[in-house]
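What follows is a single structure, written as structure tokens, with notes after it.
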Amino acid sequence: MHVHPYERTWIVISVALLMVFGVAIVVSSLSLGVEIPGLSARLAPVTAGGVSYDQPWVRELGPGRYEANVFAQMWTFQPNEIRVPTGSTVTFFLHSRDLVHGFKIVGTNVSLMAIPGQVNKVSYTFRQPGEHLIVCTEYCGVGHQAMFARVIVED
Ligand code: CUA
């Protein structure tokens, strides 16, 4: 098989570079104490303002007023389906159990991030009956495109 000398030169250079980088990683981790960041611990479930956020839940505060505690986690939202009557205002408490996720309710102006160790809050009034898809809008790994939930606004 004929390989053009010019091409051969660049193959040699690129392989040599890979080896240099590989050696650099090994040397820096062994002798320089460079550490790859990783998971050390998970925080205990959050309680704030008298509300416990350690479980996903939906609750009715009064007629047409709901609260939903939503977990974002690779690659689901919990609860996965929220049913409310038309005209309901839902306050979402959103947080992540692992890494940064997005939370967009399609067809509304609700779009926020789910951040580990933080509870983000947003309220929205669903005036029309129908179904809203909730999608993750932050890339979060191989299952990202399959991460969704639904709000079903019942007639
Ligand atoms: Cu969660 Cu993308």
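Each residue takes its place number in the sequence, starting with 1. Please read these numbers as outputs of a predicted model, since none were measured by experiment. Numbering of ligands and ligand atoms starts at 1, following listing order.
When ring centroids are compared, Phe77 and Phe71 stay outside the 6.0 Å threshold.
Considering only residues two or more places apart in sequence or on other chains, Asn120 meets the side chain to side chain contact (heavy atoms under 4.5 Å, CB included) condition with Leu112, Ile115, Gln118. Take Ser28 and apply the side chain to side chain contact (heavy atoms under 4.5 Å, CB included) test, not counting sequence neighbours, and it matches Leu32, Val34.
Relative ring orientation between Phe92 and Phe126 is described as perpendicular, the plane-to-plane angle rising above 60° on a 0-90° scale split at 30° and 60°.
Each protein N/O/S atom under 2.8 Å from atom 2 (Cu) of ligand 1 was counted, for a total of 4.
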Return all side-chain donor-acceptor pairs below 3.5 angstrom for residues 134-155, not counting sequence neighbours, or 'none' if the list is empty.
| from | atom 1 | to | atom 2 | distance (Å) |
| --- | --- | --- | --- | --- |
| Tyr139 | OH | Gly141 | O | 3.4 |
| His144 | ND1 | Glu138 | O | 3.0 |
| Gln145 | NE2 | Val142 | O | 3.4 |
| Arg150 | NE | Glu131 | OE2 | 2.5 |
| Glu154 | OE2 | Arg83 | NH1 | 2.8 |

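Under the 4.5 Å side-chain heavy-atom criterion for grouping Ile, Leu, Val, Met, Phe, Trp and Tyr, Met113 is not connected to Trp75 through any hydrophobic cluster.
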